[in-house]
Amino acid sequence: MIDLKLLSDDFEATAARLVRKRVPIELVRSARDLAESRRQVVREVDDARQEMNAGSQSVGRLMREGRREEADALRAGLADSRGRIEALEARRREVEEALDDVVARIPNIPDDVVPDGTSEDDNRVVRTHGYDPADYEGRSYEPHWEVAGRLGIYDGERAAKLSGGMFSVLRGGGARLLRGLVDFALDLHKDRYLEIAPPHAVRSDVITRTGHLTKFESQAYKLRDDDLWLIPTGEVPLMGMHQDEILPEADLPLRYMAYTVCWRREAGAAGKDTRGMQRLHEFHKVELAELCRPEDSDAELAALLGDCERSLQTLGLPYRVVELCAGDLTFSASRVFDLEVYSPGVDRWLEVSSVSLVTDFQARRGAIRYRKEGGGTAFVHTLNGSGLATPRVWSAIVEHGQQPDGTVRVPAALVPYVGTEVIAG
RNA sequence: GGAGGGAUGGCAGAGCGGCCGAAUGCGAGGCUCUUGAAAAGCCUUGAGACGCAAGUCUCCGUGGGUUCAAAUCCCACUCCCUCCGCCA
């Protein structure tokens, strides 16, 4: 959630920044007005309470002094003021509910350096690494599901039999490639990130406060008999760990990585780009996530982006870095860089990582703070990015590594992890 | 799943319905003493909301109830611990 103070202190500027993210101005106005109403009601409640507290204390004093009749008289009057407090409280709840509802629709404020734009088309390619169209001329590339299907390392039909569409079954060298990718990613980042093995099911409270379950949409799977949700990303437990904590400043930044399975319902996303392993309900991912001081978050974002790029560089995959425009930013992010790998089999750039700066948006809802060395507390900034999202990297390796004889060449850096230079089945 | 115990500030740990936002100890910060340090002594030290400020309000696991008044009494829930059962 955003800082409501920004709306009362500097409405025009804040509204202008939100409008860049396609937020309707009426929504921002209504948040400001409701916040003001709330302030007023809270003040009335406080005043009423003060009166009541003072009265109650007088009753106590009179009783101790043995002045019974005076105490009884006062007590009768206080019963009424309790009714008044209850009425005011009811109004406060009403206003707060309305405010929460509006605030829940307001996304994080885009960073001023983010380019203007309203859609994907306005995103900016920052740089391209390792890609030369000449490399692909004079040869045909098949999509990964063809290559992998023929090798028997990917079985889409059995996956559908077990679980329906958008699930995968990997076999033999395909399963080994998946496992190797995970190990590779964890090893690559172990010096800067603390490895965590978190739960894959979390409470409603946790997934809500990390921003992955809202009144308006749910990408997550719910367990039937318990108040638990399967995580859509490792970010959820990594950030949820510190909810309601006040961290010592000296502990920051906290950099974590976690290998988890991720589940996404992706309702309505069926159809396009779903062939093979491009989009799955269940996939494996090594997530990088961190908490830091606000003044460090720009530098941490650059470093995190570099770390995520390093995964692709080391694997020798051609990719480009795309900065999302204001109108295309995800709800919680103030700034996002997508990493897209070139997939020759489908001749497309596929998003394999989304590196996000979330500023204090997530920390505010999750109440993740730190104690400043000079005194006082403040919300941390949070960041996250995929260190390696397996399905699309897996398929990119298959498409790039395909050889005339139908086998797949394994990138050199991955050979020790997969245990073979060539996947032949 | 069954039986019992518990949840209070950074930690440990008190707390007869009113003088309790809360003893005490530890930790942390400041000061005195000292050449310096230790020891000792003194002082300070939870979070949040509103307010220029004085100050007021909220928070003792969560939610409800009783009462003029709840950390304290009642109800429900959640979590933790111990024992039993089951189990990778």
Side-chain angles (χ1 to χ4, degrees), chain A residues 1-10 31-100 103 197-209 213 222-229 237 240-252 254 261 291 360 362-380:
Chain A
M1 58 185 287
I2 64 162
D3 183 359
L4 292 174
K5 271 208 190 87
L6 292 172
L7 295 179
S8 53
D9 293 355
D10 194 2
R32 177 196 56 187
D33 296 345
L34 283 166
E36 179 53 34
S37 305
R38 181 182 166 277
R39 209 189 330 266
Q40 281 172 17
V41 182
V42 165
R43 180 180 229 138
E44 287 174 46
V45 172
D46 282 2
D47 288 348
R49 264 190 211 285
Q50 182 186 355
E51 207 181 298
M52 166 115 148
N53 288 345
S56 290
Q57 270 167 32
S58 299
V59 172
R61 203 175 50 246
L62 292 171
M63 298 283 276
R64 246 171 317 181
E65 290 168 0
R67 295 151 74 182
R68 246 283 151 65
E69 296 83 46
E70 290 170 73
D72 286 343
L74 188 50
R75 195 192 294 179
L78 287 173
D80 296 339
S81 77
R82 184 167 63 149
R84 226 179 53 246
I85 290 176
E86 273 165 16
L88 284 168
E89 285 281 12
R91 246 187 62 213
R92 186 187 58 110
R93 271 195 300 274
E94 219 169 273
V95 171
E96 278 182 350
E97 247 170 66
L99 178 61
D100 288 348
V103 168
H200 287 66
V202 300
R203 309 163 179 288
S204 294
D205 180 56
V206 171
I207 189 171
T208 302
R209 291 170 68 199
L213 177 68
K222 172 83 169 67
L223 267 54
R224 192 193 64 189
D225 293 333
D226 295 283
D227 177 36
L228 290 172
W229 300 77
M241 288 199 296
H242 292 298
Q243 279 178 9
D244 299 314
E245 291 185 3
I246 301 177
L247 305 158
E249 179 167 355
D251 286 3
L252 299 177
L254 287 170
V261 181
L291 305 87
D360 62 358
Q362 191 173 45
R364 194 173 291 279
R365 174 176 301 244
I368 307 175
R369 292 171 289 175
Y370 72 101
R371 192 176 302 282
K372 294 203 266 189
E373 249 134 46
T377 62
F379 292 108
V380 300

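We name chains A, B, ... by the order of the sequence lines, and we start the count at 1 in each one. The basis for the numbers below is simple: all heavy atoms, side chains too, and nothing from hydrogens, waters or symmetry mates.
- Between A:Ile368 atom CD1 and B:G48 atom C1' the separation is 17 Å, expressed in whole Å.
- If you measure from atom CG of A:Asp226 to atom P of B:U78, you get 11 Å, rounded to the nearest angstrom.
- Residues A:Gln50 and A:Arg61 both approach RNA chain B. Their nearest nucleotides, taken by heavy-atom distance, put A:Arg61 toward the 5′ side.
- With a cut-off of 3.5 Å on both Watson-Crick or G-U wobble distances, the partner of B:A53 is given as none.
- With B:G51, B:C57, B:A47 as the candidates, the nucleotide lying closest to the side chain of A:Arg43 is B:G51.
- Both distances falling under 3.5 Å, in either a Watson-Crick or a G-U wobble arrangement, occur for no nucleotide opposite B:C87.
- At least one donor-acceptor pair under 3.5 Å links the side chain of A:Arg209 to the backbone N or O of A:Arg365.
- Summarising the geometry, the separation between CD on A:Gln243 and C1' on B:U78 is reported as 16 Å, rounded to the nearest angstrom.
- Across B:A28 and B:A38, the matching P atoms stand 11 Å from one another, rounded to whole Å.
- Across every strand in view, B:A3 sits in a pair with B:U82 that passes the Watson-Crick or G-U test at under 3.5 angstrom.
- Within the 4.5 Å cutoff, the side chain of A:Arg43 has heavy atoms near those of the A:Asp47 side chain.
- Taking a pair to require two hydrogen-bonding distances under 3.5 Å in either a Watson-Crick or a G-U wobble arrangement, B:C20 remains unpaired.
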Within the sub-3.5 Å range, which N or O atoms of nucleotides 67-71 of chain B have a protein N or O partner, and how far apart are they?
from: B:C68; atom 1: O4'; to: A:Arg75; atom 2: O; distance (Å): 3.4
from: B:C68; atom 1: O2'; to: A:Ser56; atom 2: OG; distance (Å): 3.1
from: B:A69; atom 1: O4'; to: A:Ser56; atom 2: OG; distance (Å): 3.2

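- Looking at A:Gln40 and A:Glu36, their side chains do bring a donor and an acceptor atom within 3.5 Å of each other.
- Rounded to whole Å, atom P of B:U78 lies 15 Å from atom CG of A:Asp205.
- Taking only side-chain nitrogens and oxygens, A:Arg38 never comes nearer than 4.0 Å to OP1 or OP2 of B:C50.
- Between A:Asn53 atom CG and B:G21 atom C1' the separation is 13 Å, expressed in whole Å.
- In this structure, A:Ala31 and A:Leu99 approach most closely via the heavy-atom pair O-CD1, 3.6 Å.
- Distance, A:Ile85 CD1 to B:C57 P: 11 Å, rounded to whole Å.
- B:C26 and B:G10 make up a base pair, with Watson-Crick or G-U wobble contacts both under 3.5 Å.
- Across all strands shown, the partner of B:G41 is B:C31, judged by Watson-Crick or G-U wobble contacts whose two distances both fall under 3.5 Å.
- The side chain of A:Arg369 lies closest to B:A47 when the candidates are B:C79, B:G51, B:A47.
- If you measure from atom CG of A:Asp251 to atom P of B:G10, you get 15 Å, rounded to the nearest angstrom.
- Nucleic acid contact class of A:Ser58 (heavy atoms, under 4.0 Å, all strands): none.
- Under the Watson-Crick and G-U wobble criteria, each requiring two contacts below 3.5 Å, nucleotide B:U67 is left unpaired.
- When the nearest nucleotides of RNA chain B are assigned to A:Arg49 and A:Arg371 by heavy-atom distance, the more 5′-ward of the two goes with A:Arg371.
- Rounded to whole angstrom, the span from the CG atom of A:Leu4 across to the P atom of B:A49 amounts to 11 Å.
- In this structure, CD in A:Glu94 is found 11.5 Å from CD in A:Glu96, a value given to the nearest 0.5 Å.
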